[in-house]
Amino acid sequence: MEYKKIKISYILYFMLVVFSVYQDSLLYKYFSDIGFSPIYIGGLFLIIFICIKYKTLKIPKEIRYLYILLIWIGLISIFYCIGYVILQKSIYIGQVNILQKSFNIMLTWFCLINVPTVLYNISNDFSEKQVFFPFQIGYLFMMIFSMLELKSSPYAFEFLHETAIFPYWRIRLLTTESSYTTLPVCFFFVLSLYYSKYIINNKLLIYLNISLFIYFISITGAKSMAGLLGCIFILWYFYNVRNFKKKLVKVIVPVTIIMGLVLIIYLDDFILRIGSDLSSSQTSGTYATRLYTLFVSFIQGIKNPLGCGSTYLYYFQQNLKEYFYILKNSSFDLGLNELIGFISSETGKSVTVKSGLGQYNLYWGILGTVYFLWNFRRLINYFYKKNQLLFISALSCLVSFTLFYGFGSETMLMIFLYLYYLRHDKLPLT
């Protein structure tokens, strides 16, 4: 009976990890944001199953801060919603119902933080090999899928996408666009490398993982790949080089070598393609929108240190307009049409920060962001002491939700791995 229970729980774990790479799910049509990936809906149903079946649910103290932030968002949203309704005599900002928005924000965050909680509860008896095996399978699946997609473009696997636009000529796997493939590929690659090197010690699989990663870089059209890898490398290098006076000198040589190798590999295709993209005002606008919305998000977080919950849009558009002169007076063609659309939007829909941390900074304020990062740094420090590959995978999540994407399943899977090792290791926290 015990064997059967372990077997069923492992199948559920395996499916949740592998399905996390599916990030343009058909479930989006029915469940909105929480249906974006099957891992969120699957985790939601699984936590109900755990509570009914086993009558108990363990929430480790190391992630209770995530639930505190959930309550924080809820209380702030209620306070600001009451104030807004009294002052504005409406529950709408543009076409956004702030009461419904409050519920959606809290539900989305709950589904996110539910992932490590569920996996922690069903993985009590898993070996390290069992824990990392699905990451290896997920990585190989993405690489095989990319080969098939390359041959079938521009209408590759159209029936598996809910929100993606066709025709599409770049490799985007099971996401909405190519830029969103960067984190899952890098994250699963590093964990697969850890599995093949430190857990099963299979040299053939190590070389296969590395070769497939180089192959994927050669076919991807994602500019964010270079950005993410560059940020991870700089953070990793500075974290490991303790003598500050020698850091700048020591970084120049390896960075130059790596950039030279990249130039050699992509000279005929990648560099020319990215170069033409960078010269366009559309791409400049993408970078301007990303950096400016992130900048304004933290300005607003300082102005509203406790956040403003679901009413963030009312203040966010005002702040976008207030500091817009910084970009407007620039002598460069920054492609500001998207930002102008944000400022002038009467519906309020799709007016967001191009960063997970930046977006949630609007909800819970700069104090919430500091509180989150203060606790997340324990995870970073832990994996820095434990293993460099796991440390790199943690850095990829940190860079990603800070600069590039939202809080995704990869970050929550990393938190689960942290919980898993805490339960089995004696390594002290710092």
Side-chain angles (χ1 to χ4, degrees), residues 73 76-77 79-81 83-84 87-90 92-98 101 105 177 179 223-224 226-228 230-231 234 274-370 372-373 398-407:
I73 293 173
I76 290 296
S77 292
F79 177 78
Y80 271 86
C81 283
Y84 184 83
L87 295 175
Q88 302 294 327
K89 309 296 183 183
S90 173
Y92 287 91
I93 299 178
Q95 295 180 6
V96 177
N97 185 315
I98 57 176
K101 184 68 174 178
I105 292 171
E177 58 181 74
S179 62
K223 298 179 287 295
S224 57
L228 182 64
C231 290
I234 291 172
I274 299 303
S276 63
D277 284 346
L278 290 174
S279 65
S280 70
S281 61
Q282 182 180 0
T283 300
S284 299
T286 300
Y287 293 142
T289 301
R290 182 180 303 280
L291 295 175
Y292 182 66
T293 54
L294 184 60
F295 164 75
V296 172
S297 165
F298 283 101
I299 292 293
Q300 182 168 319
I302 294 172
K303 288 182 175 180
N304 304 91
L306 293 175
C308 43
S310 60
T311 64
Y312 76 91
L313 186 60
Y314 177 76
Y315 305 95
F316 188 49
Q317 283 188 298
Q318 291 181 1
N319 287 320
L320 285 174
K321 184 177 181 179
E322 180 178 352
Y323 299 98
F324 188 65
Y325 71 90
I326 298 174
L327 300 182
K328 190 176 181 179
N329 295 333
S330 172
S331 58
F332 299 99
D333 181 12
L334 297 177
L336 302 177
N337 290 337
E338 186 178 11
L339 276 174
I340 293 173
F342 279 13
I343 295 171
S344 60
S345 175
E346 296 181 356
T347 65
K349 295 181 178 180
S350 301
V351 181
T352 59
V353 184
K354 305 298 184 180
S355 153
L357 189 63
Q359 183 64 33
Y360 275 85
N361 183 71
L362 298 176
Y363 303 153
W364 59 43
I366 196 67
L367 293 180
T369 298
V370 171
F372 172 82
L373 292 175
L398 176 64
V399 171
S400 176
F401 67 64
T402 302
L403 297 177
F404 295 102
Y405 315 109
F407 285 105

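In this text, all values refer to a predicted model and were calculated from it rather than measured experimentally.
- Here the shortest heavy-atom pairing between Tyr312 and Val351 reads OH-O, 3.6 Å.
- Annotation for Phe79: atom CZ does not count as buried by contact number, only 12 or fewer foreign heavy atoms lying within 6.0 Å.
- Note that CD1 of Ile299 is 11.5 Å distant from CG of Asn304, once rounded to the nearest 0.5 Å.
- Between Tyr360 and Phe407, the ring-plane angle classifies as perpendicular under the 30° and 60° cut-offs.
- Between the Gln300 side chain and the Phe316 main chain, a donor and an acceptor come within less than 3.5 Å of each other.
- The main-chain N or O of Val399 is never found under 3.5 Å from a side-chain atom of Thr402 such that the two would form a donor-acceptor pair.
- Between the side chain of Tyr292 and the main chain of Tyr323, a donor-acceptor pair closer than 3.5 Å is present.
- Other residues, nucleotides and ligands place more than 12 heavy atoms under 6.0 Å from the CZ atom of Phe298.
- The minimum heavy-atom distance linking Leu373 with Phe401 is given by the pair CD2-CE1, 4.5 Å.
- Side-chain atoms of Asn361 come within 3.5 Å of backbone atoms of Ser297 as a donor-acceptor pair (strictly under, hydrogens ignored).
- Scanning both residues, Gly307 and Tyr80, for their nearest heavy atoms gives O-CE1, 3.2 Å.
- With a 4.5 Å cut-off on side-chain heavy atoms, Leu403 and Leu228 do not count as touching.
- In this structure, the separation between OG on Ser310 and OH on Tyr84 is 10.5 Å, given to the nearest 0.5 Å.
- Taken from CD1 in Ile73 to SG in Cys308, the straight-line distance is 11.5 Å, to the nearest 0.5 Å.
- Residue Leu291 holds its CG atom at 10.5 Å from OG of Ser355, rounded to the nearest 0.5 Å.
- Contact detail for Val353 and Leu362: the closest heavy-atom pair is CG2-CD1, 3.6 Å.
- Rounding to the nearest 0.5 Å gives a distance of 8.0 Å between CG of Leu357 and CG of Leu294.
- Formation of a donor-acceptor pair under 3.5 Å by the Tyr405 side chain with backbone atoms of Ser179 is found in this model.
- Taken to the nearest 0.5 Å, the OH atom of Tyr363 stands 12.0 Å off from the OG1 atom of Thr369.
- Between Ile98 and Tyr314 there is no side-chain heavy-atom pair separated by less than 4.5 Å.
- Among all heavy-atom pairs drawn from Lys303 and Glu322, the shortest one is NZ-OE1, 3.1 Å.
- Residues Gly309 and Ser77 share a closest heavy-atom pair of CA-OG, 3.3 Å.
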